[in-house]
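Per chain, numbering begins at 1; letters A, B, ... match sequence-line order. Just the heavy atoms: all of them, side chains too, but no hydrogens, waters or symmetry mates, feed the values below.
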There are 2 protein chains.
Amino acid sequence: MKETLTTISERTGFSITTISRVLSGKSKKYRISEKTSEFILKEAKKCNYSPNIIAQNLRTNKTDTIGVLMPSVANPYFAEMASVIIAEANCRKYTSIVIDSMEDEENQKKNLATLIARKVDGIIAAPCGSDPTLFEEIQKMQIPLVLIDRFFAGSHISYVTTNNYLGGVEGTNMLIRNGHKNIACIQGAKNSMPNKKRVAGYMEALRVAGLQDNAIIVGDEFSIQNGYMETKLLLGRKPRPTAIFSLSNTIGLGALKAIREAGLNIPDDISIISFDNNIYMDYLTPPISRMGQPVEEMAKLAVRLLMECIESKRNLCTQLELSPELISRDSVKNISSI
Amino acid sequence: MKETLTTISERTGFSITTISRVLSGKSKKYRISEKTSEFILKEAKKCNYSPNIIAQNLRTNKTDTIGVLMPSVANPYFAEMASVIIAEANCRKYTSIVIDSMEDEENQKKNLATLIARKVDGIIAAPCGSDPTLFEEIQKMQIPLVLIDRFFAGSHISYVTTNNYLGGVEGTNMLIRNGHKNIACIQGAKNSMPNKKRVAGYMEALRVAGLQDNAIIVGDEFSIQNGYMETKLLLGRKPRPTAIFSLSNTIGLGALKAIREAGLNIPDDISIISFDNNIYMDYLTPPISRMGQPVEEMAKLAVRLLMECIESKRNLCTQLELSPELISRDSVKNISSI
DNA sequence: CTAATCCGCACAATCGTTTGAGCAAAAATA
DNA sequence: TATTTTTGCTCAAACGATTGTGCGGATTAG
């Protein structure tokens with residue numbers, strides 16, 4: 001039998017109001033006597049009462065729920081991100097609803113509508129596509145919103161992301177320092193901000209080194225398939241690039257497959273550096289050098305930002321860029337001595 | 001301005017009841033005229049009405065939401081599982097709430113309570129611990145429940161899992177076929193059913209081959225750390241095992257690290273086969289042989305089972321075991337010729 | 001001894017839906 | 001024309017909580 005305020009009220013003789021106030025810890029505020037208070041608490045415990053959250057939500061217009069929109073949970077990078085967000089939100093008594101747009105704007109729109117209809121208290125989103133209007137509308141509806149990883153230029157929406165430009169520069173520089181002059185870059189979703197910035201960083205590093213004419217930018221998707229295909233094509237070029245900069249972990253995996261199939265050796269025949277830090281990269285042969293993004297930190301910050309928005313009941317506009325970290329392993333060969 | 005049935009009612013002059021019936025597609029059933037119907041629909045579209053789901057939930061006692069309890073979303077195996085469940089539920093108009101027990105029974109209890117309080121329509125759970133009472137209580141509350149991956153012996157709760165016993169047998173046999181007689185097994189959470197079954201399969205295969213006295217079973221956690229530590233210890237044994245059977249992908253990664261640190265070569269110095277099928281295993285050197293679990297199929301089946309329970313409003317007791325698949329790569333050496 | 005204050009609690013409206021029952025007018029039947 | 005049936009819609013009660021206001025009685029102040 002499901003207990004409600006009404007059943008307890010009938011059983012104890014106190015009004016629903018009183019029961020509610022006691023059980024929500026407002027006895028003092030509404031001057032309920034100690035005796036009554038304890039009595040009701042004991043009774044509630046005895047019958048194992050737990051409030052109907054749906055009813056609370058309806059009445060208070062608060063759900064203690066946040067929406068988490070990811071572009072592809074299949075990507076370990078976003079899977080980890082979602083996982084940290086869930087845990088972090090949970091610490092703060094928030095429940096998470098995770099949705100996956102699968103990099104499809106239609107899905108994204110539908111799913112966001114679902115979140116809003118479900119009256120989430122706030123949304124953390126890694127958007128897909130390059131159209132900010134959907135998110136600006138959300139902002140206008142006064143729904144707390146924090147973007148993560150991806151964001152829109154010139155928009156007044158809070159976000160936390162990696163300094164992808166810096167990542168692009170440093171990754172490329174690392175290859176240049178090792179004597180590489182013929183560096184190909186395999187990019188992901190072209191219209192996503194992180195991708196644009198990484199590519200810009202790559203170009204800038206080449207430019208500074210006077211290598212801008214050697215730039216090779218290929219690819220269009222953050223997927224294994226894309227990394228595989230583009231690498232196949234790259235390996236057929238003459239002259240063959242001496243190094244590949246893969247702009248995501250998935251692309252990197254695809255590249256590795258292509259390189260292996262070509263019977264080439266890393267780093268002797270070709271060097272590679274990838275974006276993202278996945279633990280298994282250390283177990284590959286050789287371990288892969290990479291630009292790690294501070295996923296955990298970003299996720300935690302995003303939750304924190306969102307909480308601040310929710311509590312202050314207004315959308316702040318805090319835009320954060322965290323530095324990536326170069327993790328140097330053995331997939332880059334120094335060819336400057338040649 | 002937020003539109004509700006009331007505002008539309010006031011604006012059009014029709015009663016809330018009529019509006020509600022039209023908008024929920026019950027015009028025929030309740031004999032609302034075509035004209036009225038269309039008028040209301042148009043009006044609703046114009047003002048961009050969307051129903052308050054919370055109010056619907058409260059009234060109908062249905063939330064179109066399922067709870068997904070995972071023991072560790074950090075584990076790629078469960079991350080993929082969660083991802084497929086979310087997508088599959090989404091196809092059927094269900095929203096998922098994912099929670100992570102982090103292999104902690106206290107968390108599990110609290111999180112399950114949250115799910116129930118939020119009135120999810122059903123739960124898909126990969127439980128941690130070995131105590132079924134929590135789940136049997138859920139079953140008694142008439143909440144549709146399907147276990148996935150892990151289950152409890154002798155319990156009448158639906159589940160879908162891999163035939164882990166078979167996986168244990170076949171994995172071990174594969175090593176035996178290749179001439180290995182000294183096979184160590186690194187297990188995960190001892191009280192989880194999949195682990196028990198895998199170990200039982202391992203033992204049985206050894207027994208059939210007359211090798212039961214050579215059995216070495218170590219470890220106690222599905223984690224990289226555990227795989228790493230136990231492998232370190234195994235490598236110090238004399239005689240050193242010629243093969244390792246790792247009972248999860250995480251354990252496998254840890255084992256690889258230890259083997260590499262010891263300066264040993266796979267498969268020349270030691271053979272290894274792991275449970276779980278992660279794409280990156282093909283990119284390791286050498287690619288790792290493994291017992292793949294049909295994660296996607298299991299997840300889809302679990303959702304389907306759950307939906308059937310929800311629709312039939314009773315907990316069926318369907319218990320399914322899907323066969324694992326041996327994925328043969330290059331991490332096992334045939335030493336029978338020696 | 002009267003007026004003001006405080007204590008302890010209850011009334012009733014509200015959140016936005018859904019739904020069984022009912023009611024007047026129109027249409028069909030007798 | 002009188003009766004029945006059908007049509008087209010509305011009433012009002014839920015669902016289970018929260019919350020501003022109010023109301024008697026006890027206590028204190030004047």
query = Checking all strands, does Ile53(B) fall into the base, sugar-phosphate, or nothing category for heavy-atom contacts under 4.0 angstrom?
reply = nothing
Between CG of Leu23(A) and P of dG16(D) the distance, given in whole Å, is 16 Å
Result for 5'-nearest mapping on DNA chain C, choosing between Ser15(A) and Arg31(B), is Ser15(A)
Side-chain contact check for Phe14(B): nearest option of dC9(D), dC9(C), dG16(D) is dC9(D)
Need one value for Thr36(A): base, sugar-phosphate or nothing, where a base atom within 4.0 Å counts as base even if backbone is also close, heavy atoms only.
sugar-phosphate
Subject >> Under-4.0 Å side-chain N/O to phosphate OP1/OP2 contact, Thr4(A) with dG16(D) >> reply: no
Taken to the nearest whole Å, CZ/Arg21(A) to P/dC11(C) is 12 Å
(message) Angle between ring planes, Phe152(B) versus Phe135(B), binned at 30° and 60°: parallel, tilted or perpendicular?
(response) tilted
| message | Does dT17(C) have OP1 or OP2 under 4.0 Å away from a side-chain N or O of Tyr49(B)? | response | yes
Taken to the nearest whole Å, CZ/Phe39(A) to P/dG8(C) is 17 Å
Rounded to whole Å, the NZ-C1' distance (Lys29(A) to dT19(D)) equals 8 Å
When rounded to whole Å, the CD1 to C1' distance for the pair Ile16(B) and dT10(D) reads 11 Å
Heavy atoms under 4.0 Å, any strand shown: does Ser33(B) hit a base, just sugar-phosphate, or nothing?
-> sugar-phosphate
Considering only NZ, NE, NH1 and NH2 on the basic side and carboxylate oxygens on the acidic side, decide whether Asp121(B) and Lys62(B) come within less than 4.0 Å.
yes
Under 4.0 angstrom, heavy atoms only, what part of the nucleic acid is Ile54(B) near: base, sugar-phosphate, or nothing?
nothing
*asked:* Any carboxylate oxygen within less than 4.0 angstrom of a Lys/Arg side-chain nitrogen, looking at Glu296(A) and Lys300(A)?
replied: yes
ask   = Which part of the nucleic acid, if any, lies within contact of Lys26(B), taking any heavy atom under 4.0 Å across all strands shown: a base, the sugar-phosphate backbone alone, or nothing?
value = sugar-phosphate
From the candidates dC15(D), dA10(C), dT10(D), the one with an atom nearest any side-chain atom of Leu58(B) is dC15(D)
Residue pair Ser24(A)/Ile32(B) against DNA chain D: nearer the 5' end by closest nucleotide is Ile32(B)
Rounded to whole Å, the CD1-C1' distance (Ile19(A) to dA12(C)) equals 17 Å
> Are any of Thr17(A)'s side-chain N or O atoms less than 4.0 Å away from OP1 or OP2 of dC11(C)?
Replying inline: no
Closest of dA10(C), dT17(C), dC9(D) to the Gln56(B) side chain is dT17(C)
Atom NZ of Lys35(A) and atom P of dG8(C) are separated, to the nearest Å, by 10 Å
Is it the case that Ser33(B) and Thr36(B) place a side-chain donor and acceptor less than 3.5 Å from each other? yes
**Asked** Would you say the side chains of Glu3(B) and Thr7(B) form a donor-acceptor pair under 3.5 Å?
**Response** yes
Atom NZ of Lys28(B) and atom C1' of dC9(D) are separated, to the nearest Å, by 16 Å
Rounded to the nearest 0.5 Å, the CG atom of Asn90(B) sits from the OG atom of Ser101(A) at a distance of 11.0 Å
- Tyr30(B) side-chain N/O to dG20(C) phosphate OP1/OP2 under 4.0 Å: yes
Considering only heavy side-chain atoms of Leu5(B), the closest of dC9(D), dT17(C), dG22(D) is dT17(C)
Open item on the list: At less than 4.0 Å, is any side-chain N or O atom of Ser20(A) found next to OP1 or OP2 of dT18(D)? Yes or no.
Closed with: yes
